[in-house]
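To start, the structure under review is shown below, and the notes come after it.
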Amino acid sequence: MNDYILVAEDINAGYGKKQVLFGIDLKIREGELVSLIGPNGSGKSTFLKVVSGLLFPTKGKIYFLKEDITNYPVEKRIKMGIGYFLQGGEVFLNLTIYENLKMGGFGLKEKDFKNSLEEIFSLFPLLKKYLNKRAGLLSGGERQALALGIVLMRKPKLLLLDEPSAGLAPFLVKEIIEKIKMIKERFKTTILLVEQNVKEALKIATSVYLLKNGKVISEEKPENILEKRLEEIFFR
């Protein structure tokens, strides 16, 4: 496993009797931004749930930092350095921005908490500006920024992003993609990205895994994926 931060071997998983993933093999090196692409129902979100611990595989192994975490609960994976941004962005609507970030940094020492806050404010200045605003009053873009901030409070080594631009206006999609690139560079975070705006995701990815019908078709460099190839994946 050498320099790989995440290794998935022969992952099979699903919901009840419905199998979704079939023998997924995937490796991510430290510092990479890997994009997972494929048509709806191909198993992208399911795979992120397996890595995060929300769903246990029926077969196969997950290694994080060379440690077998296949049967570890979510809480232990978070402490080890795995952060998970769920589709739609999870925030506490009745709490203020500050209170939400406080929840994200629960258990951190005061110094570490303040350092994380400042780094997040440098990334999302609006969060600092509206610090005492209730999350339920935020716009879609502001809420997505807050949800990302919550996950980043603990400075995860591996960040799992499930459709971070979902529901956003086109101009905000480009902005959130740029922020993801900045997170990789500033926080030195390894990222596994599932994103509906495939072309935007390919612009920042270092590597791409193509999924179809719960299986990995291939691993490729983003610059090698042509439009013809995307049409083949999504429409045939």
Side-chain angles (χ1 to χ4, degrees), residues 1-16 19-21 23-36 43-92 100-109 112-113 115-116 119-120 144 146-164 166 180 183-184 186-195 205-207 209 211 214 216:
M1 283 176 262
N2 299 327
D3 58 342
Y4 292 107
I5 189 171
L6 180 75
V7 176
E9 294 180 349
D10 193 26
I11 295 298
N12 288 253
Y15 308 94
Q19 187 170 347
V20 177
L21 302 180
I24 297 288
D25 290 317
L26 181 146
K27 296 179 181 179
I28 303 178
R29 288 185 172 86
E30 194 166 352
E32 280 192 305
L33 196 163
V34 174
S35 183
L36 201 59
K44 304 183 298 295
S45 294
T46 298
F47 181 73
L48 292 190
K49 288 177 182 175
V50 170
V51 177
S52 72
L54 285 179
L55 181 68
F56 291 110
T58 53
K59 181 185 177 186
K61 296 286 185 180
I62 295 283
Y63 296 92
F64 177 63
L65 296 172
K66 301 180 182 179
E67 185 170 342
D68 183 352
I69 64 166
T70 309
N71 298 310
Y72 285 7
V74 173
E75 298 79 10
K76 189 167 183 178
R77 299 188 199 207
I78 290 172
K79 288 179 180 177
M80 289 181 71
I82 296 178
Y84 182 30
F85 177 96
L86 282 81
Q87 188 173 356
E90 292 289 314
V91 301
F92 301 95
N100 268 274
L101 294 173
K102 189 77 174 175
M103 292 291 285
F106 181 78
L108 291 178
K109 294 178 181 177
D112 294 333
F113 174 76
N115 286 340
S116 288
E119 289 191 17
I120 287 164
Q144 294 290 70
L146 177 57
L148 269 172
I150 292 170
V151 178
L152 290 172
M153 282 299 295
R154 303 189 71 89
K155 296 183 180 178
K157 297 181 180 71
L158 174 65
L159 179 60
L160 311 174
L161 297 174
D162 193 357
E163 304 282 11
I180 292 167
I183 288 168
K184 175 182 177 292
R186 287 192 193 179
F187 286 76
K188 307 300 180 187
T189 306
T190 305
I191 297 174
L192 179 56
L193 172 66
V194 170
E195 173 52 52
T206 56
S207 184
Y209 276 85
L211 259 66
V216 171

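Since this is a predicted model, take the numbers as computed values, not measurements.
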Residues forming a salt bridge (Lys or Arg N to Asp or Glu O under 4.0 Å) with Arg29, sequence neighbours excluded: Asp3
Whether Gln144 side chain and Leu146 backbone form a donor-acceptor pair below 3.5 Å: no
Side chains of Thr46 and Tyr15 in contact at under 4.5 Å (non-hydrogen atoms): yes
Side chain to side chain contact (heavy atoms under 4.5 Å, CB included) between Val7 and Glu9, worked out: CA-CA 6 Å; Val7 176; Glu9 294 180 349; 3.8 Å; yes
From Leu152 atom CG to Ile120 atom CD1, the distance as rounded to the nearest 0.5 Å: 5.5 Å
Straight-line distance of Tyr84 OH to Lys49 NZ, nearest 0.5 Å: 5.5 Å
Smallest separation among heavy atoms of Ile62 and Ala8, with atom names: CD1-CB, 3.8 Å
Donor-acceptor contact below 3.5 Å, side chain Thr206 vs main chain Leu33: yes
Heavy atoms of other groups near Phe106 CZ, more than 12 under 6.0 Å: no
Residue pairs involving residues 69-90 (criterion salt bridge (charged side-chain N to carboxylate O under 4.0 Å, His left out); sequence neighbours excluded): none
Which atom of Lys184 lies closest to which atom of Glu32, heavy atoms considered: CE-C, 4.0 Å
Short side-chain to backbone donor-acceptor contact, Ser207 and Val34, under 3.5 Å: no
Donor-acceptor pair, side chain of Lys61 and main chain of Asp10, under 3.5 angstrom: no
Minimum heavy-atom distance Pro156-Thr189, with the two atoms named: O-CG2, 3.4 Å
Donor-acceptor under 3.5 Å (Ser116 side chain, Met153 main chain): yes
Rounded distance (nearest 0.5 Å) linking atom OH of Tyr209 with atom CG of Asp25: 8.5 Å
Where at least one partner belongs to residues 146-164, residue pairs that pass salt bridge (charged side-chain N to carboxylate O under 4.0 Å, His left out), sequence neighbours excluded: Glu119-Lys155
Euclidean distance, Ile28 CD1 relative to Leu192 CG, rounded to 0.5 Å: 4.0 Å
Interatomic spacing from CG in Asn71 to CZ in Phe56 - rounded to 0.5 Å: 6.5 Å
Interatomic distance, Leu161 atom CG to Ile191 atom CD1 [nearest 0.5 angstrom]: 5.5 Å
Residue pair Ala147 / Phe85: nearest heavy atoms and the distance that separates them: CB-CE1, 3.4 Å
Stepwise side chain to side chain contact (heavy atoms under 4.5 Å, CB included) check, Leu6 with Thr190: CA-CA 9 Å; Leu6 180 75; Thr190 305; over 6 Å; no
Residues Phe187, Leu159; criterion side chain to side chain contact (heavy atoms under 4.5 Å, CB included); working and verdict: CA-CA 10 Å; Phe187 286 76; Leu159 179 60; over 6 Å; no
Verdict with reasoning, Leu65 to Ile5, per side chain to side chain contact (heavy atoms under 4.5 Å, CB included): CA-CA 5 Å; Leu65 296 172; Ile5 189 171; 3.7 Å; yes
Residue Lys27 excluded, over 12 heavy atoms near NZ under 6.0 Å: no
Minimum-distance pair of heavy atoms, taken over all atoms of Pro57 and Val50: CD-CG1, 4.0 Å
